[in-house]
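The structure under discussion appears below in the form of structure tokens.
Counting starts at 1 for both ligands and their atoms, following the listed order.
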Amino acid sequence: MIGRGDNAGKQCGEDMRQLIAGNWKMNGLGATAMAELGALAKHVETTRPACDVLICPSATLIERAARHAKDRFAVGGQDCHAEASGAFTGDVSAEMLRDAGATAVIVGHSERRQFHGETDAIVQAKARAAWRAGLISIICIGETEPQRDAGHAHGVCRSQIEGSVPPGATPQNTAIAYEPVWAIGTGRTPTSPEIAAMHAHIRAGLGAPLRILYGGSVKPSNAKEILALPDVGGALVGGASLKASDFIQIVDACNRSP
Ligand code: PGA
């Protein structure tokens, strides 16, 4: 299970379990959310999937989700502040997420970069905060459609890695999520060769063998093909993670066991 040391000592890449992470964004109220998590927990318990499973609900649900998970899946936050505490109204620190039962946190999601003006430097500070609190940071990168159309996708992602990933990242404390902004919530995805090429490019730019997740319109119908691509260490799933019946099919599409 992610964050519980099962992967300690593994070198990642082909050797590390894939990670299927659900990003619930600003969705989910207690009763229905716990029903979906109950279905997911039951599935994990009975099928023992070959991958690590993580759900990142809203901060208000983390404690309940973690209690519900009972080690069958891990629970993470969707963002954290870089400071441990202080006068930052409305923010949540990595230490608070940890205290609520999280073992991971997404940082630098494109919706944070776009709607909250988060720069690479801010994202890097948040990734460091995650480590300080003992959380795995899932650092998101990805190009916009105009950037891809202009032929800049690889350069944009390389520079986001350089700016957002702190020195000291290891497979145990960090995963990268490549999420082309134009693929998020649109039903569109890059072609398999495009995903493979970008993941190879990201792999070449990393100083450590981190898991590289693909995100952006992953669904039951395309998960198997995407998860079979080289250098794809898992998936970050938005819309299709909200219903356990869909998410379970993506979990089951995982093909790389340790
Ligand atoms: P999507 O979102 O799966 O709904 O495209 C992915 C994400 O934003 O993490």
Side-chain angles (χ1 to χ4, degrees), residues 2 18-28 33 36 40 51-59 61-62 65 73-80 97 102 104-116 118 123 126-127 130 135-145 147-148 153 156-157 160-161 164 174-192 194-195 198-199 202 210-227 229 232-254:
I2 182 174
Q18 289 185 315
L19 167 61
I20 305 299
N23 172 13
W24 280 10
K25 309 191 181 186
M26 200 171 73
N27 294 293
E36 296 298 330
L40 173 65
C51 56
D52 293 335
V53 179
L54 169 71
I55 291 289
C56 300
S58 65
L61 290 174
I62 287 175
F73 55 85
V75 177
Q78 298 175 8
D79 175 51
C80 65
L97 296 175
V105 60
I106 298 168
V107 296
H109 189 281
S110 67
E111 287 151 18
R112 301 292 315 176
R113 292 179 187 262
Q114 195 183 340
F115 304 136
H116 297 265
E118 294 191 6
V123 175
K126 292 181 174 203
L135 300 178
I136 293 170
S137 66
I138 299 174
I139 303 174
C140 300
I141 60 168
E143 82 284 357
T144 62
E145 189 152 35
Q147 288 168 332
R148 175 160 283 258
V156 166
C157 289
Q160 287 177 335
I161 286 173
S164 308
T174 304
I176 304 297
Y178 166 57
E179 299 203 300
V181 178
W182 52 273
I184 294 176
T186 61
R188 297 161 59 209
T189 59
T191 64
S192 288
E194 285 170 342
I195 295 173
M198 179 60 90
H199 279 235
I202 294 167
L210 311 182
R211 280 191 280 203
I212 306 167
L213 317 184
Y214 170 79
S217 295
V218 176
K219 44 192 181 237
S221 58
N222 62 17
K224 201 164 183 67
E225 180 173 343
I226 291 171
L227 290 167
L229 294 171
V232 171
L236 182 54
V237 186
S241 70
L242 293 171
K243 284 251 156 286
S245 53
D246 290 334
F247 191 62
I248 280 166
Q249 292 179 60
I250 297 170
V251 167
D252 287 348
C254 262

At a 4.0 Å cut-off, with the gap strictly under it, does some heavy atom of [X] reach an atom of ligand 1?
| X | answer |
| --- | --- |
| Ala177 | no |
| Ser217 | yes |
| Gly216 | yes |
| Lys25 | yes |

Proximal ligand 1 atoms for [X], defined as those under 4.0 Å from one of its heavy atoms:
| X | answer |
| --- | --- |
| Ala183 | 5 (O) |
| Glu179 | 6 (C), 7 (C), 8 (O), 9 (O) |
| Gly239 | 1 (P), 3 (O), 4 (O) |
| Leu236 | 9 (O) |

Would a 4.5 Å heavy-atom cut-off, applied to side chains only, mark Asp52 and Ile20 as touching?
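No, their side chains stay 4.5 Å or more apart.
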
Between Arg113 and Glu179, does at least one N-O distance fall below 4.0 Å, as a salt bridge requires?
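Looking at Glu179 together with Arg113, the answer is no, because their closest N to O distance does not fall below 4.0 Å.
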
Nearest-0.5 Å distance that lies between atom [atom1] in [X] and atom [atom2] in [Y]:
| X | Y | atom1 | atom2 | value |
| --- | --- | --- | --- | --- |
| Leu242 | Ile55 | CG | CD1 | 9.0 Å |
| Lys126 | Glu118 | NZ | CD | 3.5 Å |
| Ile106 | Glu111 | CD1 | CD | 9.5 Å |

Quick look: Ile184 vs ligand 1, heavy-atom contacts under 4.0 Å, and the answer is both

Report the part of Ser241 (side chain from C-beta onward, or backbone N, CA, C, O) that has a heavy atom under 4.0 Å from ligand 1; answer both or neither where that applies.
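Neither; nothing of Ser241 gets under 4.0 Å from ligand 1.
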
Looking only at non-hydrogen atoms, the one of Cys140, Gly142, Gly238, Gly185 nearest atom 5 (O) of ligand 1 is Gly185

Strictly by modelled atom types, are Gln78 and Trp24 linked by a side-chain donor-acceptor pair under 3.5 Å?
no

Indicate the ring-plane relationship of Tyr178 and His199, choosing parallel, tilted or perpendicular according to the 30° and 60° boundaries.
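Tyr178 and His199: perpendicular rings.
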
Is it the case that over 12 heavy atoms from other parts of the model lie below 6.0 angstrom from the CD atom of Glu225?
no

Are any of the N/O atoms on His109, whether in the backbone or the side chain, positioned under 3.5 angstrom from an N/O atom of ligand 1?
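It does: an N or O of His109 is found under 3.5 Å from an N or O of ligand 1.
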
